[in-house]
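Comments concern the structure below.
Proteins come first, then strands; the chains are lettered A, B, ... in the order of their sequence lines, and each starts at number 1. These values consider heavy atoms only, across backbone and side chains, with no hydrogens, waters or symmetry-generated copies.
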Amino acid sequence: MPELPEVETVKNGLAPVMEGYVFDRVQLNRADLRFPFGDDFISRVQGQKLERLSRRAKFMMAELSSGDRLFMHLGMSGKFTIDPAAFEKHDHVIFEMSSGNRVVYNDTRRFGFMELIKPGEPSRLDHLGPEPLSNELSAPVLRAALKGKKNKIKAALLDQRIIAGLGNIYVCEALYRAKLSPTRASGKLTVADTELLVRHIKDVISDAIKAGGSSLKDFANTDGELGYFQHSFDVYGRENEPCNICETSIHRIVQTGRSTFYCKACQR
DNA sequence: AGAGCTACCTGAAGGC
DNA sequence: TGCCTTCAGGTAGCTC
C-alpha cells in the first residue's frame, strides 16, 4: 500500500540499522516474490556492506560494497519490521545485520520485489520521471510532459514516467487541493492549472512525509513495524462523506481500473 | 506509439 | 456458519 511518503519513512527507519553495516546473514523463505530472487541472490548480498540506503520514487536502493545495487519495492502489501518478537506468516526475507538487528520483510500479496543490479546494467528506474519534491519537477516540466496526451489527468499522474512516486491516494488528494477534476484531459491543462497542480503535489507529499515521521516517532512503532501510519485524507476513501470545504458528498468513480475520489463541486 | 486492460496474490469485508 | 463477490495504496506486459 505504500506510496512515496511511506517508502521515504521506511527508508528513514531502516537506515540506522542497515547503513554502514554488513549483511551477516540473508535468509529467503521462498524462491520468489513478484520475480524470482535469482540463484546468486544470497551469495551477492551476504558479506557485503550496505554503503548507502536511498529512495527513488517508490523504490528503495541499497548500494553494496561490491558495486551491486539492491532495489527493493514494497508493492501493495510489503512492510519491514526491525527485530520482530515472533515469526509471522508471509515473512519472506530476513536480513541479519552486523548492527545486531534482524530486518524482516513481510509481504502478503507478494507484489513487491527485490532485485540486484550490476553497475551499468539497465534497471526499472531508468525511465522514471522527476521526483515530486525535487527541483526537476516544475510547472513547465509537467506541462511539457503532458503536452499532446490524450488521457485523463488522473491516469497521467499515476504514470511513473510523468512524475515518479505518486500513487492512487496522493493523486486524488493533490487534484482535490488543486481543485482540478480528475476527468480533465491531461493535455489541455492551462499554465495556471499546471502551476497549481505542481504546488499541491509537492505540498501533499511533503505533508505526508512529515506526518509519517511524527506519528511513527523515530520511524518505528512499538512493534518495530515500518510503513504504516495514519493519515487524514480529504477525499481518498471518503465516498458519500461531506467535502471538507463545501459539504457536497464525495464522489467515487473508476478510472483505468482504479477508484478515484473527488468533489464534483470544488473540482473543475 | 499511446492508452487501457488484465495478470500477479492474499485477505478482509459485505451480501445472502 | 459458509459461500460468493468485490475491493485493496503496486507495476509489467499484453492488446488494440
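Side chains of A/Ser249 and A/Asn240: a donor-acceptor N/O pair is absent below 3.5 angstrom, by distance only. A/Asn106 and A/Lys89 share no side-chain donor-acceptor pair at under 3.5 Å.
Under the 30°/60° scheme for interplanar angles, the aromatic rings of A/Phe80 and A/Tyr105 are found to be tilted.
Considering only the side chain of A/Thr256, B/dG4 comes nearest among B/dG11, B/dG4, C/dG9. Nearest to the side-chain atoms of A/Tyr236 among the listed nucleotides C/dA8, B/dG11, C/dG10 stands C/dA8. Among B/dG11, C/dG9, B/dG4, the nucleotide with an atom closest to any side-chain atom of A/Asn168 is C/dG9. If you check C/dG9, B/dC8, B/dG11 against the side chain of A/Arg34, the one that comes closest is B/dC8.
The ring of A/Phe111 does not lie on top of the base of B/dC9; it is either too far (5.5 Å or more) or too tilted (30° or more).
As the counterpart of B/dC9, no nucleotide is assigned, since no Watson-Crick or G-U wobble pattern has both distances under 3.5 Å. Pair assignment for C/dG9 gives none, since no Watson-Crick or G-U wobble pairing has each distance under 3.5 Å.
For the pair A/Leu74 and A/Glu6, the minimum side-chain heavy-atom distance is 4.5 Å or more.
Regarding A/Lys79, its NZ atom lies at a distance of 11 Å from the P atom of B/dG11, rounded to whole Å. As a whole-Å value, the separation of A/Asp32 CG from C/dA12 P is 16 Å. In this entry the distance linking CG of A/Leu33 with P of B/dT10 reads 12 Å, nearest Å. Going from atom CG of A/Asp107 over to atom P of C/dG9 covers 15 Å, rounded to whole Å. For the pair A/Met60 CE and C/dG10 P, the interatomic distance rounds to 15 Å; values are reported in whole Å. Residue A/Asp159 contributes atom CG, which lies 15 Å from atom P of B/dC5 at whole-angstrom precision. Computed from coordinates, the A/Leu74 CG to B/dC8 C1' distance equals 17 Å when rounded to whole Å. The CD atom of A/Gln160 sits 15 Å away from the P atom of C/dG13 (whole-angstrom rounding).
At least one side-chain nitrogen or oxygen of A/Ser259 sits closer than 4.0 Å to the OP1 or OP2 atom of C/dA8. Distances shown here put every side-chain N or O of A/Lys150 at or beyond 4.0 Å from the OP1 or OP2 atom of B/dG2. Between A/Lys58 and C/dT11 there is a side-chain N or O to OP1 or OP2 distance below 4.0 Å. Contact annotation: A/His90 side-chain N/O to B/dC9 OP1/OP2 distance is not under 4.0 Å. The phosphate of B/dC8 has neither OP1 nor OP2 within less than 4.0 Å of any side-chain N or O from A/Arg110.
Ion pair A/Arg30/A/Asp32 flagged as a salt bridge, since at least one NZ, NE, NH1 or NH2 atom sits closer than 4.0 Å to an Asp/Glu carboxylate oxygen. Taking a cutoff of 4.0 Å between a charged side-chain nitrogen and a carboxylate oxygen, A/Arg55 and A/Glu131 qualify as a salt bridge.
No engagement by A/Lys152 is indicated, since no non-hydrogen atom pair under 4.0 Å with the nucleic acid exists.
Between C/dC3 and B/dC9, the two P atoms lie 23 Å apart (nearest whole Å). Between the P atoms of C/dG9 and B/dA3, the separation comes to 22 Å (whole Å).
The residue among A/Arg252 and A/Arg258 whose nearest nucleotide of DNA chain C is located toward the 5' end is A/Arg252.
If you check distances only, the side chain of A/Arg109 does reach the base of B/dC9 with a donor-acceptor pair under 3.5 Å.
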